[in-house]
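One structure below.
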Amino acid sequence: MNKKMGWTGGLVALTMLLSACSGGGSNAGNASNGATSAGSSEEKPYEIVYAYPTFDNVPVDIQLVQDEVNKIAKEKINVTVKLLPISNSAYTNQINLMMSSGEKLDMIAMLGNYSTQVTRGVLYPLGDIMEENAQGIIDALGEDYYNATKVGGISYGVPSIRDLAQNFGFVMRKDLVDQYDIELGTIKNFEEFGKAFKTLKENEPDMVSATNLAGGTILGTYRTYDPLGNELGVLLNSGLADLNVVNWFATEEYEKMVRQLREWYLAGYILKDAATNPESNHAIVKSGKAAGYFTQMKPGFDAQESRMTSHPMVSVQTVEPVAKTDTVTNVAIGVAAKSQNPAKTLQFLNLMYTDKEIVNLIDWGIEGKHYVKMEGQDNMIKYPDGVTGDNVGYKNYGWMHGNQFLSYVFEGDEPDVYVKMEAFNHNAAKSKALGFSFNGDNVKNEIAASNAVLLQYKGVLESGSVDVDKVLPEFLKKLEESGINKIIAEKQSQLNEWASTNGT
């Protein structure tokens, strides 16, 4: 996840409450509608509405970029697209409203909740029309990563091509690290960050050490487990040890971490409004209110975050990289079950994985206006004279939109960052459950009830803002009442069957 904003794998807290939506079976007859050859002058272009979360303001030049994308898309496949960035803090409610009201919506970016959306029936089964309309996506991903999206043998979305494994740690302003001799490199686990936070508070009393992603939690971007699709039943130790599914929230490790967060909160190391914080972590660090944040990382991460926060940043890794099904599907794009033309939508999605011009327009905007190529380096770009990250008219997130490996590399990143990212993916340890996708159909009601409990309790517990002795037992009791143990039993049964079939 490279461009314009780090993704903190986390983002599991971005749960879309789309329970009002029905399945995609009624649209099967639309799959071939309008799938004629590109550029037909007799056929009106099909307009695709593509919704995705944004962590910044809507770019002022988005219409200009959209127009350029549509010139290419109309000529090649006779479609146009309406780019619809929605503020991350409002994304869940807005998508829910669009789906339940029947407002036009064709394509949805999903951050951390792919399996949940499959269970809720809001996605079109792409496997039915994939090879005919988007073989290029399969070729670009490779069969293994494409197959990781299959639930019950059917794919309902495709992951972006980016870092497909995750490691975790903390990133902090380098000037503060240097000024106060904070030895980040000596920190080896979650609890040890308290030493660095204490030093910062003593020297910068008006600044907190750690903020969190808007709409998310601190632990949402610091994982030591394999969530198996939805956190409702996980494998400890990132799935490297065994295939025993447990309730993460009832483990000693989880309790220890939320108690640590409570201690840090009371000491003033964490934002007081962390549970409801509407600002991006980048914006909070840029404003001087916070020194850093817990996050997932990847090759080129420090340069990326330095650009996003307008401060040189330095990071420390405390959780080694591991590839899991969720690290593949945690940033994915699906076709809406109620799309009027799934085939045309999928054809446009295919361009986002195969057409370098489309990819760079969506990622970077218009050459000469929003970026220029660096002299003698055809694949390296920078801002034009007089343009900065603060005043550029268009910015986006290459890690979210299709094939990032077709994207230009921005000044400050290493020219071979994508080569290193590919090696990162290849060399990462692999969860024993990599390739397993949970099908929640048999426990759909329990999942919905449990997700409602998570929404109520995770934010406050994982920001340190409530008394753990009082709230954690209440949280666990509500989870049991909502049926989490039934979900875990179903997940364990499916995992055992998958493991037997795959010889794991």
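Remember, predicted model here, so these are calculated numbers, not experimental data. Positions are given from 1 along the sequence. All values below come from the heavy atoms of this structure, side chains included, with hydrogens, waters and symmetry mates left out.
- Of all non-hydrogen atoms in Phe424 and Pro321, the two that sit nearest each other are CE1-CB, 3.6 Å.
- Side-chain atoms of Ser87 never come within 3.5 Å of backbone atoms of Asp56 as a donor-acceptor pair (strictly under, hydrogens ignored).
- Residues Phe475 and Phe249 place their aromatic rings such that the two centres sit under 6.0 Å apart.
- Formation of a donor-acceptor pair under 3.5 Å by the Asn88 side chain with backbone atoms of Pro53 is not found in this model.
- No more than 12 heavy atoms of other residues, nucleotides or ligands lie within 6.0 Å of NZ in Lys256, so this atom counts as exposed by the packing criterion.
- Looking at Ile284 and Val208, their side chains never come closer than 4.5 Å, going by heavy atoms from C-beta outward.
- For the pair Val417 and Pro299, the tightest heavy-atom approach, listed with the atom from each and the gap, is CG2-O, 3.7 Å.
- Between the side chain of Asn425 and the main chain of Asp163, no donor-acceptor pair closer than 3.5 Å is present.
- Not a single donor-acceptor pair under 3.5 Å links the side chain of Thr327 to the backbone N or O of Ala323.
- At least one donor-acceptor pair closer than 3.5 Å links the side chain of Asp326 to the backbone N or O of Gly229.
- Side chain of Ser493 to backbone of Ala489: no donor-acceptor contact under 3.5 angstrom is found.
- At least one donor-acceptor pair under 3.5 Å links the side chain of Arg162 to the backbone N or O of Ser160.
- By the 6.0 Å contact criterion, CG on Asn57 is open, its count of non-hydrogen atoms from other residues, nucleotides or ligands being 12 or less.
- Geometric assessment of Lys491 against the ring of Phe438 yields a positive cation-pi assignment under the 6.0 Å and 45° thresholds.
- Just one of Phe197, Tyr293, Phe190 meets the ring pair (Phe, Tyr, Trp, His ring centres under 6.0 Å) condition when paired with Phe170; it is Phe197.
- A cation-pi geometry, defined here as NZ or CZ lying under 6.0 Å from the six-membered ring centre and within 45° of its normal, does not hold between Lys82 and Tyr50.
- More than 12 non-hydrogen atoms from other residues, nucleotides or ligands lie less than 6.0 angstrom from NZ of Lys286.
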(message) Could you go through Glu490 and Ile488, starting from their C-alpha distance and side-chain angles, then the distance that decides it, and tell me whether this counts as side chain to side chain contact (heavy atoms under 4.5 Å, CB included)?
(response) CA-CA 5 Å; Glu490 175 67 19; Ile488 290 172; over 6 Å; no
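- Atom NZ of Lys272 has more than 12 neighbouring heavy atoms from other residues, nucleotides or ligands inside a 6.0 Å radius.
- Between the side chain of Ser339 and the backbone N or O of Ala336 there is no donor-acceptor pair closer than 3.5 Å.
- In summary, Glu263 and Arg259 do not engage in a salt bridge, as defined by a charged side-chain N under 4.0 Å from a carboxylate O.
- Between the Tyr397 side chain and the Thr54 main chain, no donor and acceptor come within less than 3.5 Å of each other.
- A donor-acceptor contact shorter than 3.5 Å is absent between the side chain of Ser500 and the backbone of Asn496.
- Separation of atoms CG (Asn247) and CG (Leu232) is listed at 8.5 Å; rounding is to 0.5 Å.
- A salt bridge is absent between Glu192 and Lys188: the closest approach of a Lys/Arg side-chain nitrogen to an acidic carboxylate oxygen does not fall below 4.0 angstrom.
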(message) Assess the residue pair Tyr156 and Tyr124 against the criterion (ring pair (Phe, Tyr, Trp, His ring centres under 6.0 Å)); give the C-alpha distance rounded to whole Å, side-chain angles, the decisive distance to 0.1 Å, and a yes or no.
(response) CA-CA 6 Å; Tyr156 293 84; Tyr124 187 89; 8.8 Å; no
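- A salt bridge links Lys289 to Glu279: at least one charged side-chain nitrogen sits closer than 4.0 Å to a carboxylate oxygen.
- Aromatic rings of Tyr52 and His401 (six-membered ring for Trp) have centroids within the 6.0 Å cut-off, being under it.
- At most 12 heavy atoms of other shown residues, nucleotides or ligands fall within 6.0 angstrom of atom CD in Glu422.
- One finds the CD1 atom of Ile333 at 12.0 Å from the OG1 atom of Thr345 (value rounded to the nearest 0.5 Å).
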